[in-house]
Amino acid sequence: MQISTLFLLFNLVLWAALLGGILFLCVLAARVMLRWLHSQPQRRQSAEVCRSLGQAIRAQRTRCRMTQEFVAEALGVSRQAVSKWETGQSDPSTANLIALAELFGLQPEELLRQADSASGRQP
């Protein structure tokens, strides 16, 4: 074989590999997008539960006439953490949820039940 034929064959294989790689990345991107689109209802439902749990925490805190700072000091967390729980930006850990319920004079199940009823779901 001549050098020009080998060079042409090498270029052809290189371009085929490059196009195959691009096609593979496009398929992966499409699969990721489909998985993300199918997970939106679950993420939306999780956000609603977080929001309603935050509403239940805020309602109990105000019922007990406690400030966010007082709750934070009692649980050993920052005031910002309590604020994030109430706005639904994050969830309290299980230990903090139990401590919150005890601080409010409730069972943890009752606090979660209030969160379920705030979101309109049946327990």
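All values reported here derive from a predicted model rather than from experimental measurement. Only heavy atoms go into these numbers, but all of them, side chains included; no hydrogens, no water, no symmetry mates.
Ser78 meets the side chain to side chain contact (heavy atoms under 4.5 Å, CB included) test with Gln80, Ala81; sequence neighbours excluded.
Although no hydrogens or angles enter the test, the distance criterion places no donor-acceptor pair under 3.5 Å between the side chain of Arg79 and the main chain of Glu69. A donor-acceptor contact shorter than 3.5 Å is absent between the side chain of Thr62 and the backbone of Arg65. Between the side chain of Arg63 and the backbone N or O of Phe104 there is at least one donor-acceptor pair closer than 3.5 Å.
Expressed to the nearest 0.5 Å, how far CG of Leu106 lies from CD of Gln60 amounts to 4.5 Å. To the nearest 0.5 Å, the span separating CG on Leu111 from CG on Leu103 amounts to 11.0 Å. Once rounded to the nearest 0.5 Å, the distance linking CG of Asp91 with CG of Leu97 reads 9.0 Å. One distance of note links CG of Asn96 with CH2 of Trp85; it measures 4.0 Å at 0.5 Å rounding. A distance of 9.5 Å separates CZ in Phe7 from CG in Leu14, rounded to the nearest 0.5 Å. In this structure, the separation between CG on Leu8 and CD1 on Ile3 is 13.5 Å, given to the nearest 0.5 Å.
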Determine whether Leu28 and Phe24 satisfy the following criterion, side chain to side chain contact (heavy atoms under 4.5 Å, CB included), listing intermediate values before the conclusion.
CA-CA 6 Å; Leu28 276 179; Phe24 177 73; 3.4 Å; yes
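Scanning all heavy atoms of the two residues, the minimum distance from Glu86 to Ile57 falls at CG-CG2, 4.0 Å. Smallest separation of non-hydrogen atoms from Gln68 and Val82: CG-CG1, 3.9 Å. Heavy atoms only, all atoms of each residue included: Leu53 and Pro92 are closest at CD2-CD, 4.1 Å.
Summarising the local packing, CD of Gln107 is surrounded by 12 or fewer heavy atoms from other residues, nucleotides or ligands at distances under 6.0 Å.
Placement of Ile22 and Trp15 within a single hydrophobic cluster is found when ILVMFWY residues are connected by side-chain heavy-atom separations under 4.5 Å, directly or transitively.
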